[in-house]
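A, B, ... follow the sequence lines: proteins, then strands. Residue 1 opens every chain.
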Protein chains: 2
Amino acid sequence: MSAKKKYNIRFRIWFYADDDKFLGKGRVELLERIKEVGSITNAAKGMKMSYRQAWQMVKEMNESANEILVEKSLGGKGGGGASITKAGERAITQFHDFEQKVNRFIAEESKKLTI
Amino acid sequence: MSAKKKYNIRFRIWFYADDDKFLGKGRVELLERIKEVGSITNAAKGMKMSYRQAWQMVKEMNESANEILVEKSLGGKGGGGASITKAGERAITQFHDFEQKVNRFIAEESKKLTI
DNA sequence: ATTCAATATGTTTTAAAATGAATAGTGATT
DNA sequence: AATCACTATTCATTTTAAAACATATTGAAT
């Protein structure tokens with residue numbers, strides 16, 4: 001007898017500004033790490049990500065969104081750093097909240113499936 | 001003045017069998033085309049897809065799902081062909097239904113966002 | 001003015017993925 | 001047994017994406 005696999009539904013959501021995708025799960029994690037460690041460099045190190053990639057993500061996010069999500073400082077003590085703006089904080093929170101709502105909805109609706 | 005971009009949320013869903021992803025938007029379209037034209041070859045031609053890729057998708061779907069979604073016949077009049085099984089039909093329908101439900105939910109919830 | 005750790009980018013290398021071409025196999029029909 | 005249009009599969013090639021590497025720049029602190 002072959003064990004039947006259990007069907008389940010997974011999803012991803014993205015925040016767009018007009019038609020520009022600017023935020024998804026991965027970028028939210030990057031934002032959270034920047035908030036935690038105070039720099040793009042160290043945030044990237046914590047994930048499996050090169051500084052270059054992380055920096056490009058930040059650039060894209062800031063350029064696409066109506067307000068910048070990450071504020072950067074150059075030079076000075078410690079070489080500079082990066083921090084999350086109020087808009088960035090809101091983006092993180094609302095992304096998580098939204099994701100959770102969708103997750104609950106999908107979990108509930110999945111029960112009705114007769115696939 | 002710079003025009004403010006309108007924020008919006010988009011999503012994708014996938015059907016999994018245990019931890020194997022076996023159905024997403026692209027594959028559903030492939031299934032529909034196979035149903036319509038009766039062969040993998042012609043279904044692939046209708047999309048921007050090589051026969052090779054389409055054939056591999058069908059193979060993966062059939063292997064991952066509990067029941068095969070596409071039934072194939074080899075040789076004979078017309079060289080053979082492919083058709084959708086009952087399970088395949090159900091998969092198509094339920095994918096669309098589910099996607100629509102999630103879409104409505106997200107559209108509704110999006111109104112509450114203050115991003 | 002030198003140091004330092006970070007941001008800011010360009011360039012090169014490597015790896016992964018998609019594509020295309022080529023070939024074999026199938027079986028009802030003629 | 002020859003044909004035909006499809007499925008089935010391998011292999012070499014191309015394209016794309018990711019990673020790695022290399023520098024330049026910045027500015028407070030010393």
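Ring-centre distance between F105(A) and F105(B): below the 6.0 Å cut-off. Between Y16(B) and Y7(A), a ring centre-to-centre spacing not shorter than 6.0 Å is recorded.
The structure places CD1 of I9(B) at 4.5 Å from CG of L113(B), a figure rounded to the nearest 0.5 Å.
Shown for residues 28-67 of chain A: residues whose heavy atoms fall under 4.0 angstrom of DNA chain D, namely R52(A), Q53(A).
At the heavy-atom level, G75(B) lies under 4.0 Å from base atoms of the strands shown. Residue contacts shown for G80(A) are limited to sugar-phosphate atoms, with no base heavy atom under 4.0 Å away.
For L74(A), counting side-chain heavy atoms from C-beta on, the closest listed nucleotide (dT7(D), dA8(C), dA28(D)) is dA8(C).
Listed for the D20(A) side chain is no donor-acceptor partner under 3.5 Å among the backbone atoms of S64(A). At distances below 3.5 Å, not a single donor-acceptor pair connects side-chain atoms of T85(B) with backbone N or O atoms of E71(B).
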Starting from the C-alpha separation in whole Å, work towards a yes-or-no answer on salt bridge (Lys or Arg N to Asp or Glu O under 4.0 Å) for R33(B) and E29(B). CA-CA 6 Å; R33(B) 284 181 186 268; E29(B) 186 185 342; 3.1 Å; yes
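Residues G78(A) and G79(B) each lie close to DNA chain D; by heavy-atom proximity, the contact nearer the 5' end of the strand is made by G79(B).
Note on K72(B): every side-chain N or O is 4.0 Å or more away from OP1 and OP2 of dC6(D).
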